[in-house]
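Contents: one structure, followed by commentary.
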Amino acid sequence: MTRPTSTLTARLGALLRPGRGRALAGFGLAAVLLLAVAPVLLSPFRLGLLGKFLCLAMVAVGIGLAWGRGGLLTLGQGVYFGLGAYLMAMHLKLADAGPGGVPDFMLLYGTGEVPGWWEPLRSPGVALALVVLVPAALAAVLGWAVFTRRVRGAYFAILSQALAAAFAILLVGQQQTTGGTNGLNGFRSFFGYDLADPVNQRMLYLIAAGVLLVMVAVARQLMVSRFGEVLVAVRDQEDRVRFLGYDPAAAKTVVYVVAAVMAAVGGALFVPIVGIVSPADVGVVPSIGFLVGVAIGGRATLLGPVLGSVAVSWAQTSMSEAFPSGWIYLQGALFVLVVAFLPGGLASVVTTWRRRRRAATPGDPGDPGAPDGPAPGRAPATDLVTEGSRA
C-alpha cells in the first residue's frame, strides 16, 4: 500500500507545482472569460467580431511555436489560412446549392458545371478532413524540401512570403472556380445550421473559443516537452544540435506542419463567422499582419501571440472605423517600436519582472512549469547543445 500512495502523492505534487498551477489557473480563467462572460456581456455584433479575432489568434499560436520556439520567420501563413478557408467555403457553397446543384457564382462567371475537383467537398466529412490534410501535406513537402537543404533565416522568410503572393495571384486568376477578387461569400448554412440564426452564430463563437483553448493547451504541452527543448536548441545552435545526433530538418518540418494546421483550422472557422473569404485575406499583407500581432505580444511566450493578435485585430477594427487610411501606418510604427525597444514583445515586461523578483529572493527554485522556463524534471533546452561536452 505504501508504493501506490507514494506514487499518487508524487503525481499530485507534480500537478500542483507552482508553475503548473498558475498555468492551469490561467487556462481556467481564460475559459471562463471566453465561454461564459463574453457571450453574456457582448452584443451579437461584438461577439461575432471577437470570434473573428479568435480565428486569427489560432494562426498566431502556430506562428508562436514556429517562430518563437523554432526560429522560423514564417511570412507566408496566409497560404495555409487561405487553404483552410477556401476549402470550407467551397463546401458551404456546395451545401447551399443542394445535391447536384451548382454554386451561384459559377452560373454567372463559369460554364454552369461544378469542376470535378470540387465534387468531393460535397461531403462534410471529406471537407473537414481536407481542411487538415491538404495544408499539412503542403507544409510537410515544402518544409522537408527547404529544411533538408538548410535554407533558413531571411531566405526562408522570403520564400514563404513569395508563396503567399503566388497563392493570392492564383486565386485572383481563377474567377470561374474561386470567385476571383470577389472570393466566396453569401453562405446560408453551416453543416445544416442556419447562419442567420443568432443562436447558431453564438454556437460558432463558442466553437472558435473552444478550439483556440485546445490549441493553446497543445502549444504549451509542446513547449514543455522534449520536442520543445529540441526546437529551442535548434533555434539557438542548429549546427551543434546536428553534431549531437538530432535532425534539425525533421524538428523544423514538424513544427511547420503544426503551425500550418493551426492556421488552416483558423481559416476554416473564419469563413462561417465572417461570411466571406477573398484573396485579400490570404496574401502578403495579411501574412505580415499575423506576424505583427505575434511580435507585439511576445513570440517566445505561450499567451503573448494570442493576446497580441487579438489586440492588434481589435485596434485595426477600431482604427478602421475612425481613420480608414491611418491604421496601416500605426501598425508599422508599433512593429518598429516593439522590435527596437522590446524585442521579446510586451510579454517580456512581465517575464523580466519575474526574473528580477526571483533574483532578489535567495533560494527561490523558479518557475519550472512556465513557458519561459524549462520543463519540469528536465534540463533547460540549452543543455542539449552542451551535454556532449560533459560526456
TODO: List the steps and the verdict of side-chain contact (heavy atoms from CB on, under 4.5 Å) for Asn182 and Phe105.
DONE: CA-CA 10 Å; Asn182 295 325; Phe105 76 95; over 6 Å; no
Task: Stepwise side-chain contact (heavy atoms from CB on, under 4.5 Å) test for Asn200 and Phe190 - done: CA-CA 9 Å; Asn200 294 334; Phe190 177 75; over 6 Å; no
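Between the side chain of Lys93 and the main chain of Asn185, a donor-acceptor pair closer than 3.5 Å is present. For the pair Ser287 (side chain) and Gly78 (backbone), a donor-acceptor distance under 3.5 Å is present. Listed for the Arg235 side chain is a donor-acceptor partner under 3.5 Å among the backbone atoms of Gly68. Listed for the Ser225 side chain is a donor-acceptor partner under 3.5 Å among the backbone atoms of Leu222. With hydrogens and angles disregarded, no donor-acceptor distance shorter than 3.5 Å links the side chain of Gln201 to the backbone of Ile273. A donor-acceptor pair under 3.5 Å is formed between the side chain of Ser160 and the backbone N or O of Leu75.
Here the shortest heavy-atom pairing between Ala97 and Pro103 reads CB-N, 4.0 Å. When all heavy atoms of Ala85 and Val271 are compared, the pair lying nearest together is O-CG2, 3.2 Å. The two residues Phe187 and Leu92 make their nearest non-hydrogen contact at CD2-CB, 3.6 Å. Counting all heavy atoms, side chain and backbone alike, Ser313 lies closest to Phe53 at CB-CD2, 3.4 Å. For the residue pair Val61 and Ala219, the shortest heavy atom distance occurs at CG1-CB, 3.8 Å. Closest of all the heavy-atom pairs between Leu291 and Thr74 is CD1-O, 3.6 Å.
For the atom pair Arg242 CZ and Asp247 CG, the distance stands at 8.0 Å (nearest 0.5 Å). The distance from the CD atom of Gln221 to the CG atom of Leu302 is 11.5 Å, given to the nearest 0.5 Å. Going from atom OG of Ser43 over to atom CG of Leu50 covers 11.0 Å, rounded to the nearest 0.5 Å. A distance of 11.0 Å separates CZ of Arg152 from CG of Leu72, quoted to the nearest 0.5 Å. To the nearest 0.5 Å, atom CH2 of residue Trp144 and atom OH of residue Tyr256 are 15.0 Å apart. If you take CG on Leu56 and CD on Gln77, they are separated by 13.0 Å, rounding to the nearest 0.5 Å.
Note: the hydrophobic cluster containing Val277 does not contain Val172 (ILVMFWY, side chain heavy atoms under 4.5 Å, direct or indirect links). Each of Leu133 and Met58 belongs to its own hydrophobic cluster when Ile, Leu, Val, Met, Phe, Trp and Tyr are linked at side-chain heavy-atom distances under 4.5 angstrom. Val199 and Tyr205 are assigned to two separate hydrophobic clusters, defined by single-linkage of ILVMFWY side chains at heavy-atom distances under 4.5 Å. When the side chains of ILVMFWY residues are joined at heavy-atom separations under 4.5 Å, either directly or via intervening members, Ile158 and Leu142 end up in two distinct hydrophobic clusters. If you chain together hydrophobic residues whose side chains sit under 4.5 Å apart, Val218 and Val211 fall into the same group.
A side-chain contact (heavy atoms from CB on, under 4.5 Å) with Leu212 is found for exactly one of Val306, Val265, Leu269, namely Val306.
At least one side-chain heavy atom of Phe191 sits less than 4.5 Å from a side-chain heavy atom of His91. For the pair Pro115 and Met106, the minimum side-chain heavy-atom distance is below 4.5 Å. Side chains of Pro39 and Leu35 form no contact here, defined as non-hydrogen atoms less than 4.5 Å apart. Under the 4.5 Å side-chain criterion, counting only non-hydrogen atoms from C-beta, Val234 is not in contact with Arg69. By the 4.5 Å heavy-atom criterion applied to side chains, Trp314 and Leu49 are not counted as neighbours. Using a 4.5 Å heavy-atom threshold, the side chains of Thr178 and Leu184 count as separate. Proximity of Ser309 to Val59: side-chain heavy atoms (C-beta onward) are nowhere separated by under 4.5 Å. No side-chain heavy atom of Lys252 sits less than 4.5 Å from a side-chain heavy atom of Leu231.
Sequence neighbours left out, the pairs with a member in residues 122-150 that pass salt bridge (Lys or Arg N to Asp or Glu O under 4.0 Å) are Glu119-Arg122.
Crowding of Tyr193 atom OH: a count of heavy atoms from other residues, nucleotides or ligands under 6.0 Å not exceeding 12.
Taking Asp96 as the reference, nothing meets the salt bridge (Lys or Arg N to Asp or Glu O under 4.0 Å) condition, with sequence neighbours excluded.
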